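Everything below concerns the one structure shown next.
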Amino acid sequence: MLRRVKELSLRARLLLVSAAGLTLGLAAGGVLLTVVLGYAQMRSVHSEAMTTARGVAGLVEQKSLPNPIVVAPGVQVQVIDATGRIIAVSATADRMTPLLYERELNGLQDGESVPIPGERLGYRGEALVVQVTAGPPTAPLRILVARSTEQITQSVHILRITLLILYPLLVALLAAGLWRALGATLRPVDALRAGAEEITGGTRAGRLPVPDSKDEVHRLAVTLNDMLHRLDAARARQRAFVADAAHELRSPLTNMRTELEVAQRLPDDTDWPELADDLLADVQRLSRLVDDLLLLARSDEGVPSARLEEIDLAQFVGEAAQRYPDVSFDDPGEPLPLLAEPDALARVVTNLIDNAVRHKRSTVTVSATAEASHLLIVITDDGPGIPEPDRERVFQRFTRLDDARARDAGGSGLGLAIVQELVRRHRGSVTLGDAHPGLRVEVRLPRS
């Protein structure tokens, strides 16, 4: 049964669950209504009988009890003394036989009621008898008042039959209304499904229809469209990245192939040491490019970073700057402790110094200082700098402001992109500014 329910459509399953809930709710409401109505009517009969009994008790106290006792039609009254003798009755009550048997009288408290078969009193169905005590304590009198409950039983029975007849019709009408309401509610979802099929089949643009209603389905459509937009942008970046990577990889491979073909055609005149140097330079450039591409690919895939180590940033940057003969380092004169990935941070500093050395006119200055909550690495050169409109663009992958010069110098356009990614991994930031003249690069890293 459960398997069959799972095979139904969402609309049918929602209807089944809703109809089941409504059916149980209506059934419980019908039962509760019948019980409450029967109880309320029985309390009403008890209250009316007690009112009649108290009225007769007042006549007893006033010693003006008539015989027969005048009561409303359908009510029977008996007044019984302590010996069980009937001393007064209403016009329709029996003068010889009490309304209740002796065992029923002995167990009945003052003001209580007891149901009895109506045949004893000439009623159909059941009757309700109440007792009230009156008179002096030395000679108490019991006042018994009986009233038929047949009308109550009939009204409850009619209500029960009516509910049994109307219940299936009401459930059917509610199920039909729910089916239409669920259809209207799920129509936007079906439109989203159809739109997704068209997008998957390539027959429409990558956007789903957004319903006019400002409900959960509207928010779902907006969220899915935002996701599709991000996926489209990611695919576009991936295609551009693959195309640029293929172009960059092809350049050194083409150079190597050309040099080998020339050497093969002119074997006697080939300068093999010079050819080996040229091939080694191309291989090194190709190796650096592959390493850069692998690093960016791991970053895009969210590969966890390496274990952090505590280093002295001043000593770390100073040692990196000493590898370049034309680079000066401003020592802060104090240790700058930092938790970082040594290899990644070395890559950042090396890439930035390489760029500065490549574009300098005469000098490159490197410094490391401490701020309130950050450590600052500053690298300046006196080269041509980078125009302000291009300072964000240069962090994009394979971006060169001077393609010809960058290719000749061995640059791939990935250096600053790698710097930004590695600094972001350290929860820091990198900015470009003016050095008047030249370029000023600032790397801010949090202390902890």
Side-chain angles (χ1 to χ4, degrees), residues 1-51 72 74-75 111-119 121 123-130 146-196 208-224:
M1 180 65 183
L2 182 60
R3 181 179 178 182
R4 292 183 179 179
V5 171
K6 291 181 178 180
E7 291 175 354
L8 295 176
S9 64
L10 176 61
R11 185 178 179 185
R13 277 183 285 172
L14 291 175
L15 176 63
L16 183 61
V17 173
S18 302
L22 285 173
T23 301
L24 294 177
L26 290 174
V31 173
L32 182 62
L33 175 62
T34 303
V35 172
V36 170
L37 180 61
Y39 177 79
Q41 289 187 340
M42 291 298 292
R43 293 297 300 174
S44 176
V45 170
H46 176 83
S47 177
E48 292 177 1
M50 285 295 298
T51 301
V75 178
E112 289 185 349
S113 61
V114 59
I116 63 172
E119 290 80 1
L121 313 178
Y123 295 149
R124 296 178 58 186
E126 288 188 345
L128 190 70
V129 180
V130 299
R147 180 162 182 176
S148 174
T149 59
E150 174 65 17
Q151 186 177 0
I152 297 174
T153 304
Q154 288 294 329
S155 62
V156 172
H157 179 69
I158 292 174
L159 175 62
R160 189 181 297 114
I161 295 300
T162 303
L163 290 177
L164 289 176
I165 295 174
L166 295 179
Y167 181 74
L169 298 177
L170 183 60
V171 170
L173 289 175
L174 289 175
L178 281 173
W179 182 262
R180 292 180 62 87
L182 289 174
T185 303
L186 295 177
R187 194 172 296 116
V189 179
D190 191 62
L192 291 178
R193 180 198 57 78
L208 296 173
V210 179
D212 297 331
S213 58
K214 304 299 181 180
D215 55 6
E216 290 79 1
V217 179
H218 174 88
R219 293 193 291 271
L220 174 63
V222 173
T223 302
L224 290 177

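Computed from a predicted model, the values in this text were never measured in an experiment.
- Of all non-hydrogen atoms in Glu112 and His46, the two that sit nearest each other are C-CE1, 4.3 Å.
- The minimum heavy-atom distance between Ala146 and Tyr123, with the atom names listed, is O-OH, 4.1 Å.
- Judged purely by atom type and a 3.5 angstrom limit, Tyr167 uses its side chain to pair as donor or acceptor with the backbone of Thr23.
- The OG1 atom of Thr223 sits 6.5 Å away from atom CG of Leu220, with the distance rounded to the nearest 0.5 Å.
- Here the straight-line distance linking atom CD of Glu150 with atom OG1 of Thr153 works out to 5.5 Å at 0.5 Å rounding.
- Evaluated for a side chain to side chain contact (heavy atoms under 4.5 Å, CB included) with Leu37, the options Leu32, Leu159, Ile152 yield exactly one hit, Leu159.
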Intermediate values then yes/no, side chain to side chain contact (heavy atoms under 4.5 Å, CB included), Met42 and Thr149: CA-CA 8 Å; Met42 291 298 292; Thr149 59; 3.9 Å; yes

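- Taking each heavy atom of Gly38 and Val156 in turn, the nearest pair found is CA-CG2, 3.8 Å.
- In this structure, Gln151 places its CD atom where only 12 or fewer heavy-atom neighbours from other residues, nucleotides or ligands lie under 6.0 Å away.
- Without hydrogens or angle criteria, Thr34 side chain to Gly30 main chain gives a donor-acceptor distance under 3.5 Å.
- For the atom pair CG (Leu33) and CG (Leu26), the distance works out to 11.5 Å, reported to the nearest 0.5 Å.
- In terms of the salt bridge (Lys or Arg N to Asp or Glu O under 4.0 Å) criterion, residue partners of Arg219 (sequence neighbours excluded) are, by chain and number, Glu216.
- In the displayed structure, His157 atom NE2 is contacted under 6.0 Å by at most 12 heavy atoms of other residues, nucleotides or ligands.
- Heavy atoms only, all atoms of each residue included: Leu128 and Pro115 are closest at CD1-N, 4.0 Å.
- Here the straight-line distance linking atom CD1 of Ile158 with atom CG of Leu163 works out to 12.0 Å at 0.5 Å rounding.
- Summarising the geometry of Gly111 relative to Met50, their closest heavy-atom pair is O-SD, 3.8 Å, with the distance given to 0.1 Å.
- Rounded to the nearest 0.5 Å, atoms CG (Leu166) and CD1 (Ile161) are 11.5 Å apart.
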